[in-house]
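Worth knowing before you read on, the calculation uses all heavy atoms, side chains too, and leaves out hydrogens, waters and symmetry mates. Just so it is clear: chains get the letters A, B, ... in the order the sequence lines come, proteins before strands, and each one is counted from 1. Here the structure is a predicted model, which means the values were calculated and not measured.
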Amino acid sequence: MTVGAGPPRAGDTLPPLEIAITRTLVVAGAIASRDYQDVHHDAEAARRKGSPDVFMNILTTNGLVGRYITDHFGPAAVLRKVVIRLGAPNHPGDTMVLSGVVEDVRGDTATVRVLGTNGLGNHVTGTVTLTVPPSSSPEQSPSPAQSWEGTVPRS
Amino acid sequence: MSARAVPGGEGVPLVDLPADPPADALRTGAGRDDLYARLKEYEGRVAGAGGVGKDLVNEPMIRHWCEAMGDTNPAYTGPDAIAPPTMLQAWTMGGLSGHGGRSAAYLDLLGMLDDAGYTSVVATDCEQEYLRPLRPGDRITFDAMIESVSERKTTRLGTGYFVTTRMDVRAGGEPAGTHRFRILKYAPADRERAPASRGRAPTDRERVPAGQERSAAPPPRRPRPVVNWDNAGFWEGVSRHRLLIQRCAGCGTLRFPWLPGCNACGCLEWDTVEATGEGTVHSYVVMHHPPFPAFDPPYAVGLVELAEGVRMISNVVGVPYDRVRIGMPVRLEFERVDEELELPVFRVTGVTGVTGRNGG
């Protein structure tokens, strides 16, 4: 893992994060984002509307991308911009693998290209802009990366 | 039924939802897009004004979000907690009871697309910029506008229009962030022809081969060639299974595709030479995206150099799309596409080509 490797440099690769797309994650993400569209929690309704099962809403994808970035850069990193484009839907039973590459670093501002793939293809592609204050190099963060396995509801 | 998205408001289905087929005039219209002109008039209009977040920014909702996302960032807990920035849209959501905050203009726009048959919706993009952190106690207000409407686009899911809205979010009256949201309002492609894969775009492997459609809907047809005064002779040749190359009557230069005059000497007089049909792959590309109706990507499009020296663009057939190589010898044949259309294509006659860097 590259966590703790100091300030970001263009070309740095973020360790991939595997996220099991469980029914629980899809529903918990939808409700936590206040999105009650039935296709995100009611499989029968989703099928009636032409989807094989419930699928993750865009707000959850956005939240997971944000988490992926701050997990890596530590709690002092500040998200400035998250730009995502969706492709293949995240259905229960699938696994999404998030990966990222630091594209550019100017001062304390970095841009990271993020890709999330699942069994159907690219679920999400995007770019995250963040600032990483020099005083907060990841060494002194409690390295959340250590507890990265799996996904979701951790209590 | 129609599922209406609420950009910047409710979450939006990621997959296509059932829809009626679009009006025939729109499906086949090749000329001016009158609908686009009407949709375009909505750019810049209010999509929703004076929205107020149902809850102040608060710790319980932040904690529920972090639990769902598996986000253990300490910045989101404790006395100095901020909300995860990616929650921006969540604070504007109407929840189960909804908002009713969409403007008449925005409802009109969506209704116009529904009426034209573009009843399905898919969220394609979300762009958020965060101007200041949100903290427990912040009161959220927001306004949204229709930023842009695209021309009609054909995507893997179907044909439709991209609608982009932009929401300005404030906290305690101060700008806190912007939220740009793009949806595709579309008429699904392939729904009837690939019932097994309803709900998402069929992959290439899942596409039902032509002739095996289960539905009574006619399969999409290849575009018709535009035959005019200048190229009628070429198509007349194709109808007789002859590939005709123009030859300048002044300087004898061969030319292809057909043109009214000679590029070498300007002479307007010409006759024709029948191609032997032998050629080689001079270059090629593999077409993956976007998929057009009646085409089944990926497929190879070759720039074939005929033995006579002119080059012509056509399909390279007889090998998988990923086996086409520069230098491959090919031979002309005529492929019947449907009852009224035949096209010259080139079948690979050997596999002696080299891997080319400018292919693919």
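Chain B forms the most heavy-atom pairs under 4.5 Å with one residue out of A:Ser33, A:Ala32, A:Gly29, and that residue is A:Ser33. Taking A:Gly126, A:Gly63, A:Gly121, A:Ala30 one by one and counting their heavy-atom pairs under 4.5 Å with chain B, the maximum is reached by A:Gly63. Your options are B:Cys66, B:Gly177, B:Pro84, B:Pro85, and the one with the most heavy-atom pairs under 4.5 Å with chain A is B:Pro85. When each of B:Leu96, B:Leu131, B:Thr178 is scored by its heavy-atom pairs under 4.5 Å with chain A, the top score falls to B:Leu96.
Note that CG of A:Leu86 and CD1 of B:Ile183 are 13.0 Å apart. Values are rounded to the nearest 0.5 Å. To the nearest 0.5 Å, atoms CG (B:Asp125) and OG1 (A:Thr125) are separated by 8.0 Å. Here the OH-CG distance, from B:Tyr130 to A:Leu130, works out to 11.5 Å after rounding to the nearest 0.5 Å. We find the CD-CZ distance between B:Glu129 and A:Arg80 to be 10.0 Å, quoted to the nearest 0.5 Å. Distance check, rounded to the nearest 0.5 Å: CG of A:Leu79 to OG1 of B:Thr86 gives 7.0 Å. Going from atom CE of B:Met87 over to atom CG of A:Asn62 covers 11.5 Å, rounded to the nearest 0.5 Å.
Legend: residues meeting side chain to side chain donor-acceptor pair (under 3.5 Å) with A:Thr109, ordered by chain and number and at least two apart, are absent.
In plain terms, the two heavy atoms of A:Ile58 and B:Cys126 that are nearest each other are CD1-CB, 3.7 Å. Closest approach of A:Pro75 to B:Asn73, counting heavy atoms only: CB-OD1, 3.2 Å. The nearest pair of heavy atoms linking B:Met69 to A:Leu64 is O-CD2, 3.6 Å. The shortest non-hydrogen separation linking B:Lys54 to A:Arg34 is CD-NH2, 4.0 Å.
Heavy atoms from other residues, nucleotides or ligands lying under 6.0 Å from CZ of A:Arg85 number 12 at most.
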List the atom pairs, with distances to 0.1 Å, where a side-chain N or O of residues 57-65 of chain B and a protein N or O form a donor-acceptor pair under 3.5 Å, not counting sequence neighbours.
| residue | atom | partner | partner atom | Å |
| --- | --- | --- | --- | --- |
| B:Asn58 | OD1 | B:Met61 | N | 2.9 |
| B:Asn58 | ND2 | B:Leu56 | O | 2.8 |
| B:His64 | ND1 | B:Pro60 | O | 3.4 |

